[in-house]
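Below: the structure, in C-alpha cells.
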Amino acid sequence: MKSSRKLEGFLLVRLLFAHTCCTLITAGAAWAETLPADLLLVNGRVYTFSWGEPAPDGTPAADAPHSAAGWKPDAEAIAIRGGRILFVGKTRDAEAYRSAATRVLDLKGAAAIPGLVDSHTHVAGLGEAASQVDLVDVKTEQQAVARVAARAASVPKGQWILGRGWDEGAWANRYPDMKLLSEKVPDHPVFLASLHSFAGWGNRLAFERAGISRATSSPEGGEVVRDKNGDPTGILLNRAVPLLASAVPPPTEEQFESYVLAGLRVMAEDGYVAIHEAGAGAEQMRAFEALEAQGKLPVRVYAMLSVRDEPLSRRWLARGPDKQNDRMLVTRSVKAYYDGALGSRGARLLEDYADRPGHRGVSGNQYGFDQKLVAELMKAGFQVGIHAIGDAGNRETLDFLESVLAEQPEARNLRHRIEHAQVVHPDDVPRFARLGVIASMEPPHCVEDKTWAEDRLGPQRVKGAYAWRTLRRAGTRLALNSDLTGSDHDIFYGLHSAITRRDKKLEPAGGWYPEERLTPEEAVRGYTTWNAYAAFQENETGVLAPGRWADITVMDLDPLVTGTAEPGRLLRGSILATIVGGKVAYEAPALAKASQQ
Ligand SMILES: [Zn+2]
C-alpha cells in the first residue's frame with residue numbers, strides 16, 4: 001500500500017516536470033527550491049488527506065494524523081504554481097517559494113482541505129433561484145414590493161420579474177393584493193411564488209399577460225382569490241397557481257446560460273471546486289460549453305448527460321466519452337432514472353408500501369428507463385449514473401448493470417453509479433462492491449426524510465434506508481452530494497447530516513438510526529477524495545500533494561476536530577476561500593482583509 005503511494009508520488013513529480021518546463025528536468029533536485037509560487041497559503045490547519053483510507057468501520061488508517069488525542073493537521077502551508085500544487089508542508093519551508101510576484105494568503109489558523117465536490121447537482125435551478133427576487137424572510141407586503149421595485153430598476157420594461165419565498169402560511173390571514181405591486185411596478189409583469197409554492201402573487205400586467213380576469217373560473221383544487229366585486233385580487237392558490245406561472249416565457253438561451261453561471265458562482269462561494277451535474281440536457285450542455293469556451297466556468301463541471309434527451313445521447317454516442325481531465329468541462333457520464341421518489345410513493349418497493357397496502361410504486365420501462373440506450377452508452381465507454389430509490393428499484397438496477405457487465409466485463413471499470421441508493425435490501429448490499437458500483441448518496445436526504453420514511457417502509461425495511469455504514473462495511477464506495485436544489489448544498493449541513501444523522505434542530509438527540517453514521521473523516525472524504533474517484537479524477541485531485549490540481553477549500557473551522565468534539569457547531573461554519581486550479585474563485589471579505597495586512 002505504502003510503496004504504491006510512493007510510486008504514485010514519483011509519477012506525479014514526473015508529470016509536474018512535464019507540465020512546468022522541460023528544461024528544468026536537467027536542473028535535478030534543485031528545481032523545486034528555485035520555482036516561485038503564484039499563490040502561497042500559509043499558517044493554516046492543512047489536512048492533505050494523502051494518508052490511507054479509513055477502514056470500513058471508519059477507523060482511521062495507521063498513517064493518518066490521528067491519535068488518542070484526536071485529529072491533528074498534517075501541514076500548514078501550500079505553494080501553488082500554474083494551477084498545480086508545488087509543495088505542501090510547514091509555513092517555514094514554504095517561504096522558499098515566495099517571490100515578489102507571489103500572492104500570499106495568510107490563513108491565520110483556518111482549515112484547508114482538498115477542494116469540495118458536490119457529485120449530484122441541478123445547477124441551473126440553483127442559478128435561477130439566485131437570479132430571482134428573494135422574498136424569504138420578508139415581513140410585510142411593503143418590504144416585498146420594495147424589493148421587486150428595486151429589481152425593476154435594472155430590468156428592461158416589459159420583461160418578467162420573478163421572485164419567490166414569501167410565506168403563504170404566515171400571510172394566510174391577510175394575503176397581499178396586486179394594488180401596491182402594480183402601482184410601484186407598473187411596467188413589468190411580476191410573478192412571485194410563495195415559499196412552499198402553494199400560492200402565487202402577481203401584478204396587474206402579469207394577470208393581463210396571463211389572461212386572468214373576472215371571467216376566469218377557479219380550476220378544481222385551486223382558487224383565484226377575488227375581491228367583493230368579483231375581480232381577481234392578485235393571489236392564486238394551489239392548482240390555480242399555474243394559470244399565472246405558465247404565462248412566464250421559458251428562459252432565452254442567454255438567460256439560461258446566465259442561470260447556469262449564477263448557479264456555478266453560488267457553488268464557488270459555498271466552497272465547491274467542482275460539481276457533477278446529474279442529467280444535463282442539450283440546453284444545459286450548450287450553456288456549459290459556451291461558458292467553458294469563454295473561460296467563464298468558475299468551478300469544474302463533470303457533466304452527466306441526460307438519457308432523457310435522446311438526440312443529445314445519440315450525438316455523444318457517436319462522439320464517445322471524454323477520456324482526458326485536461327479541461328474544466330469533462331463529459332464521460334450519463335444519467336438515467338429507474339424509479340420515482342419515496343416521499344410521493346413513486347419509488348419501486350419489493351413489498352407494498354407500509355402506509356398504502358396494494359401499492360409498490362413504478363420502475364423501469366414504466367418510468368421511462370430506456371434500457372437499450374443506456375446499455376449502448378455503457379458499451380461505448382460512458383459511465384452511467386442511474387437514479388434508484390426503492391429496494392426493488394435498486395435491485396432491478398443492479399440486475400440491469402450485472403446483465404450488461406456479463407456481456408462486456410470491461411465496462412466494470414467505468415465506475416457505474418446508483419444515484420441515491422436510498423433503500424437497499426440486505427441481499428443486494430454486497431452486490432455494489434461485487435459489481436464495482438458506487439453508491440452516490442445525499443446525507444441531507446436522511447435527516448429530511450426521517451419524519452416519514454419509516455411510515456412508508458415500516459420498522460424492518462427502514463434499516464436498509466440511507467444505510468451508509470452498512471454499505472461501507474460491505475466494501476461499497478460512496479460518493480456524497482446534495483442533489484441541489486432539492487436539498488441545501490451547504491457543506492456544513494452535509495457534513496453535519498453525515499456525522500450525526502440529526503437535523504438542523506439537532507434532532508433526534510442521539511441521531512436517527514445512528515449506527516449508520518459516518519465519521520468526520522469519511523464525511524469529508526465523501527465530498528472530496530471519494531467524489532474525485534467517482535469522476536476518474538483521483539490522480540489529479542481529492543488530496544493535497546505536489547503535482548495535483550490546486551483545488552482547495554478553506555473554512556473557518558476544523559471539520560475533523562469540530563466534527564468529532566462538537567459536531568453541532570459544524571452548522572455555524574463558513575467558507576473563507578475556494579481555490580480552483582490555483583485561481584482564487586472565492587475569497588471571504590474577512591480573509592481578503594487579513595491577508596492584505
Ligand atoms: Zn437529482
Side-chain angles (χ1 to χ4, degrees), residues 47-61 64 66 71 111 113-121 267 270-276 278 302 385 415 417-422 424 432-433 437-448 466-484 487-502 511 514-538 541-544 551-553 555 558-560 562-564 567 570 573 575:
Y47 288 101
T48 66
F49 285 84
S50 54
W51 60 87
E53 284 280 328
D57 69 355
T59 305
H66 180 268
W71 287 97
I113 60 170
L116 297 166
V117 179
D118 190 329
S119 56
H120 186 126
T121 67
M267 294 310 280
D270 293 342
Y272 291 93
V273 302
I275 59 150
H276 299 183
Y302 182 76
R415 305 181 186 181
R417 306 163 43 156
I418 291 187
E419 301 300 311
H420 315 305
Q422 211 166 82
V424 181
F432 281 80
V437 172
I438 297 168
S440 167
M441 305 178 80
E442 301 73 28
H445 282 182
C446 157
V447 305
E448 285 161 18
Y466 320 92
W468 314 320
R469 176 63 60 207
T470 299
L471 285 161
R472 284 266 300 143
R473 280 190 201 280
T476 313
R477 286 180 183 270
L478 303 186
L480 301 184
N481 49 64
S482 70
D483 195 9
L484 70 85
S487 283
D488 183 355
H489 62 273
D490 180 291
I491 187 59
F492 300 102
Y493 174 48
L495 295 176
H496 182 261
S497 302
I499 296 166
T500 67
R501 289 175 75 101
R502 296 163 81 182
E515 60 277 16
E516 295 293 343
R517 284 179 304 202
L518 296 176
T519 64
E521 181 194 3
E522 290 171 315
V524 173
R525 282 189 184 272
Y527 288 96
T528 56
T529 42
W530 297 350
N531 281 342
Y533 178 85
F536 303 88
Q537 294 176 341
E538 73 275 15
T541 186
V543 302
L544 301 177
D551 285 4
I552 303 161
T553 302
M555 50 180 65
D558 179 325
L560 298 182
T562 305
T564 307
L570 285 172
I575 296 297

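Start at 1 with the first residue, then count along the sequence. If you're wondering where the values come from, they're calculated on a predicted model, not measured in any experiment.
Shown here are the ring-ring contact (aromatic ring centres under 6.0 Å, His included) partners of F492, two or more places apart in sequence or in another chain: there are none. With sequence neighbours excluded, the residues forming a side chain to side chain donor-acceptor pair (under 3.5 Å) with Q537 are N325, listed by chain and number. E521 meets the salt bridge (charged side-chain N to carboxylate O under 4.0 Å, His left out) test with R525; sequence neighbours excluded. Take T564 and apply the side chain to side chain donor-acceptor pair (under 3.5 Å) test, not counting sequence neighbours, and it matches no residue. Looking at residues two or more places apart in sequence or on another chain, you find a side chain to side chain donor-acceptor pair (under 3.5 Å) between N481 and S119, S440. Qualifying ring-ring contact (aromatic ring centres under 6.0 Å, His included) partners for F49, counting only residues two or more places apart in sequence or in other chains: W51. Looking at residues two or more places apart in sequence or on another chain, you find a ring-ring contact (aromatic ring centres under 6.0 Å, His included) between H420 and H120, H387, H445. Residues meeting the side chain to side chain contact (heavy atoms under 4.5 Å, CB included) test with A61, sequence neighbours left out: D63. D118 meets the salt bridge (charged side-chain N to carboxylate O under 4.0 Å, His left out) test with no other residue; sequence neighbours excluded. Applying the ring-ring contact (aromatic ring centres under 6.0 Å, His included) criterion to W530, with sequence neighbours excluded, gives no partner residue. Residues satisfying the salt bridge (charged side-chain N to carboxylate O under 4.0 Å, His left out) criterion with R477, sequence neighbours excluded, are absent altogether. R417 is linked by a salt bridge (charged side-chain N to carboxylate O under 4.0 Å, His left out) to E419, counting only residues two or more places apart in sequence or in another chain.
Note that OG of S487 is 7.5 Å distant from CD of E442, once rounded to the nearest 0.5 Å. Between the CG atom of N531 and the CD1 atom of I275 there is a distance of 12.0 Å, given to the nearest 0.5 Å. For the atom pair D490 CG and I575 CD1, the distance stands at 7.5 Å (nearest 0.5 Å).
Taking every heavy atom of both residues into account, L471 and A439 meet most closely at CD1-CB, 4.2 Å. Considering all non-hydrogen atoms of both residues, I499 and P567 come closest at CG2-CB, 4.3 Å. Considering every non-hydrogen atom in both L495 and P559, the closest pair reads CD1-CB, 4.2 Å. Taking both residues in full, the closest heavy atoms of D270 and H489 are given as OD2-NE2, 2.7 Å, listed atom of the first, atom of the second, then distance. Annotation for E522 and G58: closest pair OE2-CA, 3.4 Å, computed over non-hydrogen atoms. Scanning all heavy atoms of the two residues, the minimum distance from A474 to A433 falls at O-CB, 3.3 Å.
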>> Could you walk me through whether L518 and R472 satisfy the side-chain contact (heavy atoms from CB on, under 4.5 Å) test, starting with their C-alpha distance in whole Å, then the side-chain angles of each, then the deciding distance to 0.1 Å, before giving a yes or no?
In response: CA-CA 9 Å; L518 296 176; R472 284 266 300 143; 4.3 Å; yes

>> Evaluate V117 against M267 for side-chain contact (heavy atoms from CB on, under 4.5 Å), listing each step before the verdict.
In response: CA-CA 9 Å; V117 179; M267 294 310 280; over 6 Å; no

>> Is there a side-chain contact (heavy atoms from CB on, under 4.5 Å) between V424 and T470? Walk through the geometry before answering.
In response: CA-CA 10 Å; V424 181; T470 299; over 6 Å; no

>> Checking I491 against Y527 for the side-chain contact (heavy atoms from CB on, under 4.5 Å) test, could you report, in this order, the C-alpha distance in whole Å, the side-chain angles of both residues, the deciding distance, and whether it holds?
In response: CA-CA 9 Å; I491 187 59; Y527 288 96; 3.5 Å; yes

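For the pair W71 and D558, the minimum side-chain heavy-atom distance is 4.5 Å or more.
When each of R517, R473, R501 is tested with W468 by the rule side-chain contact (heavy atoms from CB on, under 4.5 Å), just one qualifies, namely R501. Considering L478, D483, T476, I418 in turn, L478 is the only one that fulfils the side-chain contact (heavy atoms from CB on, under 4.5 Å) rule with M441.
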